[in-house]
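The structure displayed is predicted, hence computed values, not measured ones.
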Amino acid sequence: MQGIEQEFFIDTKIGKLLIGVSQNKISKISFNQPNNSLKGIKPKVVTTLENQLLEYFNGHRKTFQIEYSLTGTEFQKEVWQKLLDIPFGRTISYGKLAAQLGDVKKIRAVANAVGKNPIPIVIPCHRVVGMHGNLTGYIGGLANKKFLIELESNRQLGLF
């Protein structure tokens, strides 16, 4: 298992995020971090992510082009890859995601993998909702999930 070599804080519209870097690639994004500061010069990959997140929150970016490194099981990586296929401004249920992965009976395993996504927002796990569109768990909290879905929905309708 690959460890995190460096950590940096960045400020966003949804609060301070802790960014983990391993081998000069983004390996972790964590929500709801305290107002701590870490010393050191941010590597280019963190500055790039910071700029892309600013563009995303300001309505000028729908996808991210950064180098990242994912640590997880093959199944988790398959689920995380499938999350990238969810169109911007859209949502999908856990059940439909499980069906797309070949087995609707794996809904709990899919939900577990979604919940372990190490780089939320970049890999848009916030786009996965309950069967009837209800908001269910999110590593960044339901308020942030709602904010991200509404942000993308408004941009999808051309309101930005």
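With hydrophobic clusters built from ILVMFWY side chains whose heavy atoms lie under 4.5 angstrom apart, F147 shares a cluster with I121. Neither L54 nor L151 shares a network with the other; the hydrophobic side chains, linked directly or stepwise wherever heavy atoms of I, L, V, M, F, W or Y lie under 4.5 Å apart, form separate groups for each. The hydrophobic cluster containing F88 also contains L148, counting ILVMFWY residues as joined when their side-chain heavy atoms lie under 4.5 angstrom apart, directly or transitively.
With a 4.5 Å cut-off on side-chain heavy atoms, I66 and I119 do not count as touching. Residues V45 and K25 are not in side-chain contact: their nearest non-hydrogen atoms beyond the backbone lie 4.5 Å or more apart. Side-chain contact between Q23 and S69 is absent, with no heavy-atom pair separated by less than 4.5 Å. Taking 4.5 Å as the limit, some side-chain heavy atom of L53 sits within range of a side-chain heavy atom of F64. Residues P118 and I29 fail the side-chain proximity criterion, which asks for heavy atoms closer than 4.5 Å. Put simply, the side chain of F8 does not reach to within 4.5 Å of the side chain of I41, judged on heavy atoms. Looking at heavy atoms from C-beta onward, T136 lies in side-chain contact with K145 at the 4.5 angstrom threshold. Side-chain contact check for L49 versus Y68: every heavy-atom pair is 4.5 Å or farther apart.
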CA sep, side-chain torsions, deciding dist, call: L135, V129, side chain to side chain contact (heavy atoms under 4.5 Å, CB included): CA-CA 5 Å; L135 296 185; V129 297; 4.1 Å; yes
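Listed here is the closest heavy atom pair of V110 and Y94: CG1-O, 4.2 Å. Of all heavy-atom pairs spanning P124 and V122, the tightest one is CD-O, 3.5 Å.
For the residue pair K44 and N24, no side-chain donor N or O sits within less than 3.5 Å of a side-chain acceptor on the partner.
With I123 as the fixed residue, the side-chain contact (heavy atoms from CB on, under 4.5 Å) test singles out one of L70, V114, V79: L70.
The neighbour count for K146 NZ, taken as heavy atoms of other residues, nucleotides or ligands under 6.0 Å away, does not exceed 12.
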For residues 99-107, dump all side-chain donor-acceptor pairs below 3.5 Å to protein atoms at least two apart in sequence or in another chain.
unit_1, atom_1, unit_2, atom_2, d
D103, OD1, K105, N, 2.9

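Atom-to-atom distance recorded for I19:CD1 and S30:OG is 8.0 Å, nearest 0.5 angstrom. Note: F57 CZ to K13 NZ = 8.5 Å, rounded to the nearest 0.5 Å. In this structure, CG on L97 lies 6.0 Å from CD1 on I86, to the nearest 0.5 angstrom. Atom-to-atom distance recorded for T91:OG1 and K96:NZ is 8.5 Å, nearest 0.5 angstrom. Note that CD of E50 is 13.0 Å distant from CZ of F9, once rounded to the nearest 0.5 Å. In this structure, L18 CG and E7 CD are separated by 4.5 Å, a value rounded to the nearest 0.5 Å.
Looking at W80, its side chain never comes within 3.5 Å of a backbone N or O of C125 through a donor-acceptor pair. Panel note: side chain N112, backbone R108; no donor-acceptor pair is recorded below 3.5 Å.
Within the structure, side chain to side chain donor-acceptor pair (under 3.5 Å) contacts touching residues 116-135 (residues at least two apart or in different chains) are H126-E152, R127-E152.
Ring geometry for F31 against Y138 counts as perpendicular: the plane angle is over 60°, on a 0 to 90° scale with 30° as the lower cut.
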